[in-house]
Number of protein chains: 2
Amino acid sequence: MDTELVAAVRRFNRTVTQRVGALDDAYMARGRPLAQARLLWEIGPDGAEVAALRARLGLDSGHLSRLLRTLEGDGLVTVAPAGGDGRVRVASLTDAGRAEWTELDKRSDAFAWSVLEPLAGPRRTRLVAAMAEVERLLVASMVTIEPCPPGDPRARACVRAYARDVARRFDDGFDPALSSPVGDEELTPPAGVFLLATLNAEPVGCGAVKLRPDVPAEIKRVWVSDAVRGLGVGRRILDELERYAAARGWTAVRLDTNRNLTEALAMYRSAGYQEIEPYNTERYAHHWFAKRLAP
Amino acid sequence: MDTELVAAVRRFNRTVTQRVGALDDAYMARGRPLAQARLLWEIGPDGAEVAALRARLGLDSGHLSRLLRTLEGDGLVTVAPAGGDGRVRVASLTDAGRAEWTELDKRSDAFAWSVLEPLAGPRRTRLVAAMAEVERLLVASMVTIEPCPPGDPRARACVRAYARDVARRFDDGFDPALSSPVGDEELTPPAGVFLLATLNAEPVGCGAVKLRPDVPAEIKRVWVSDAVRGLGVGRRILDELERYAAARGWTAVRLDTNRNLTEALAMYRSAGYQEIEPYNTERYAHHWFAKRLAP
DNA sequence: CCATATGCCTGACTTTAGTCAGGCAATCCC
DNA sequence: GGGATTGCCTGACTAAAGTCAGGCATATGG
């Protein structure tokens with residue numbers, strides 16, 4: 001833990017929560033309790049499911065329900081059953097609510113401008129550039145990587161997204177049926193593991209490793225969503241997979257990949273992988289890599 | 001109002017309040033109400049006057065008093081009269097309070113590290129650099145500039161700091177008695193104005209303008225504290241003074257300055273001031289400038 | 001079709017936060 | 001030395017936030 005860097009982050013936290021955090025609240029709450037204002041804001045012009053609101057705002061079911069009742073009483077919101085599942089209810093804004101939302105939006109703009117306005121000349125664009133950088137890297141640090149059963153809907157969604165992505169990039173498309181199949185049980189401990197990367201509970205990446213006895217651990221399906229590409233998430237997934245295999249006694253890891261996935265190729269090389277002879281007959285593979293693991 | 005810049009600031013606000021604001025609170029409040037935790041933190045190992053705490057935390061007198069009573073009840077804090085003024089009371093930490101404070105400090109470190117830890121290689125230092133830039137520029141945008149009676153203690157403090165600064169920089173020191181004196185009444189509307197720049201209610205800069213009939217408005221005592229130097233505060237003070245004079249009908253402004261104040265010279269030139277012949281016999285002046293004001 | 005789970009709701013709280021009007025002692029300023 | 005001011009305190013509130021135990025429909029999986 002680098003104390004100098006930590007001190008800088010703490011200074012940042014202090015200034016920013018003071019300047020942004022507190023004032024943002026004050027701008028949002030227009031006479032209304034803060035929680036109500038936030039809720040109104042989160043519902044947004046397109047409406048939102050109650051469960052989604054609860055998750056986003058981190059509110060107790062009872063508390064949220066009451067807040068919705070209040071906003072409904074004020075004629076700003078209506079809550080009605082959703083189309084499919086009759087238990088799920090969707091909150092949406094009335095015309096009055098939409099007007100109020102627009103006002104909040106304006107105030108958010110005004111607040112943002114109040115930060116920029118006192119700065120002259122190049123300082124304004126410098127601030128915005130630095131903010132964009134901070135935001136981008138904070139998002140990167142908000143991505144968490146955790147084991148997940150390969151049958152989980154979020155895992156499935158990632159694998160589908162992976163198939164879609166590679167289908168677009170391989171010269172001859174991608175037909176999962178022609179690729180050597182990987183069963184769920186091969187990616188379930190102790191035979192292997194499937195890691196899911198999430199950002200605010202949304203899946204944004206994945207990776208898996210198969211641990212077969214007496215052969216190197218085999219990495220599969222490393223994928224990162226466009227939303228967080230370029231933030232080092234792929235590399236983190238790879239590191240975690242290697243660590244997982246090493247912790248369970250494997251001393252080497254290998255993988256295959258397609259010649260069109262140039263960033264992946266670069267990542268493997270920079271992560272210390274060496275190109276090796278083909279160890280399988282995977283239909284879509286052009287390169288095979290291996291790396292020794294420190295115990 | 002540049003909508004693109006505003007949108008960037010809003011994205012930043014959203015990510016940062018989510019990542020920093022909420023979590024920071026959660027790290028701080030260890031089972032304790034947030035306000036108590038914050039207060040404990042603000043008291044700090046060296047103690048603090050009750051009035052200072054009230055100002056820093058923006059709390060009501062009653063509320064703060066009660067919070068102090070609670071912490072005192074928990075054996076974390078003692079409140080005792082200060083040395084000089086018997087009305088002023090100072091809160092300080094007991095041994096238990098100090099231990100608790102240390103724990104909070106550790107947790108703040110841990111939280112800051114949790115932001116950096118997931119980032120690999122150059123991203124970590126890039127984040128810190130960008131944070132430092134954002135912090136610096138946010139501080140600049142937190143500085144407010146407002147008219148203030150020249151007799152106000154904060155104004156006096158600025159003028160003293162100004163005298164100290166120039167005494168150090170002029171070749172032959174600075175004796176206010178040898179400089180042409182400026183009376184308070186000359187800097188009090190309508191004869192003139194004294195502007196005070198503050199950051200979190202602390203004075204960090206000043207500037208004044210004398211408005212005498214039939215001669216150009218005269219700018220005096222533009223000073224910026226080291227704490228915010230290089231952030232464009234001096235330029236903002238100058239702009240405000242010019243605007244003040246212009247709004248009251250003056251069409252030109254002038255000032256004198258010392259050859260050793262190189263940044264000030266550069267600032268006046270870049271702000272459109274032209275060097276002119278001496279218009280007074282000020283003991284410490286080497287350069288005289290003037291500028292026409294747009295009505 | 002029945003047991004179980006899920007999603008949202010209500011009632012009945014407790015805990016924090018924040019406000020306002022005084023009150024008392026110390027201090028300041030003629 | 002006496003009136004005004006300052007600094008902190010208490011009492012008596014209201015408002016908002018947050019918690020917990022059910023309850024009632026609507027799904028879902030044998």
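Just so it is clear: chains get the letters A, B, ... in the order the sequence lines come, proteins before strands, and each one is counted from 1.
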Among the nucleotides dC9(C), dT19(D), dC8(D), which one has an atom lying closest to any side-chain atom of Ser65(A)?
dC9(C)

Closest to side chain of Ala51(A), choosing from dA17(D), dC8(C), dA17(C):
dC8(C)

Would you say the base of dG11(C) and the side-chain of Arg66(A) have a donor-acceptor pair closer than 3.5 Å?
yes

With the threshold set at 4.0 Å, does a side-chain nitrogen-carboxylate oxygen contact exist between Glu42(B) and Arg14(A)?
yes

Identify whether any heavy atom of Arg32(A) sits under 4.0 Å from a base atom; if not, whether one sits that close to sugar-phosphate; answer base, sugar-phosphate or nothing.
nothing

Nearest-angstrom distance from the residue atom CG of Leu34(B) to P of dG18(C):
10 Å

Salt-bridge present (Glu240(B), Arg236(B); N to O < 4.0 Å):
no

So for the helix from dC1(C)-dG30(D) to dC30(C)-dG1(D), with five pairs setting each end axis, what is the inter-axis angle to 10°?
30°

Short N-O contact, Lys220(A) and Glu186(A), less than 4.0 angstrom:
no

Side-chain (Arg98(A)) to main-chain (Pro45(A)) donor-acceptor, under 3.5 angstrom:
yes

Checking Leu53(A), Thr70(A), Leu59(A), Val77(A) against Leu39(A) for side chain to side chain contact (heavy atoms under 4.5 Å, CB included), the one that qualifies is Leu53(A)

Quick one: does Arg54(B)'s side chain have a donor or acceptor within less than 3.5 Å of a partner on Asp60(B)'s backbone?
no

Between dG18(D), dA17(D), dG7(C), which nucleotide has the shortest distance from any of its atoms to the side chain of Val88(A)?
dG7(C)

From C-beta outward on Ala35(B), which listed nucleotide comes closest to its side chain: dA17(C), dC20(C), dC9(C)?
dA17(C)

Select from Gly62(A) and Gln36(A) the residue whose nearest nucleotide in DNA chain D is closer to the 5' end of that strand.
Gln36(A)

Are OP1 or OP2 of dG7(D) and a side-chain N or O of Arg89(B) less than 4.0 angstrom apart?
no

Would you kindly give the CG-to-C1' distance between Asp60(B) and dC13(D), to the nearest whole Å?
13 Å

Looking at dC9(D), dC9(C), dT19(D), which one has an atom nearest to any side-chain atom of Arg69(A)?
dC9(C)

Counting the atoms with a prime plus P, OP1 and OP2 as sugar-phosphate, which does Asp85(A) contact under 4.0 Å by heavy atoms, base, sugar-phosphate, or nothing?
sugar-phosphate

Within the 4.0 Å heavy-atom criterion, would you say Leu64(A) contacts the bases, only the backbone, or no part of the nucleic acid?
nothing

Say whether, by atom type as modelled, one donor and one acceptor occur between the side chain of Glu49(A) and the main chain of Val88(A) under 3.5 angstrom.
no

Ser61(B) has a side chain; which of dC8(D), dA17(C), dT19(D) sits nearest to it?
dC8(D)

Of the candidate nucleotides dT10(D), dG18(D), dA5(C), which contains the atom at the shortest distance from the side chain of Arg87(A)?
dA5(C)

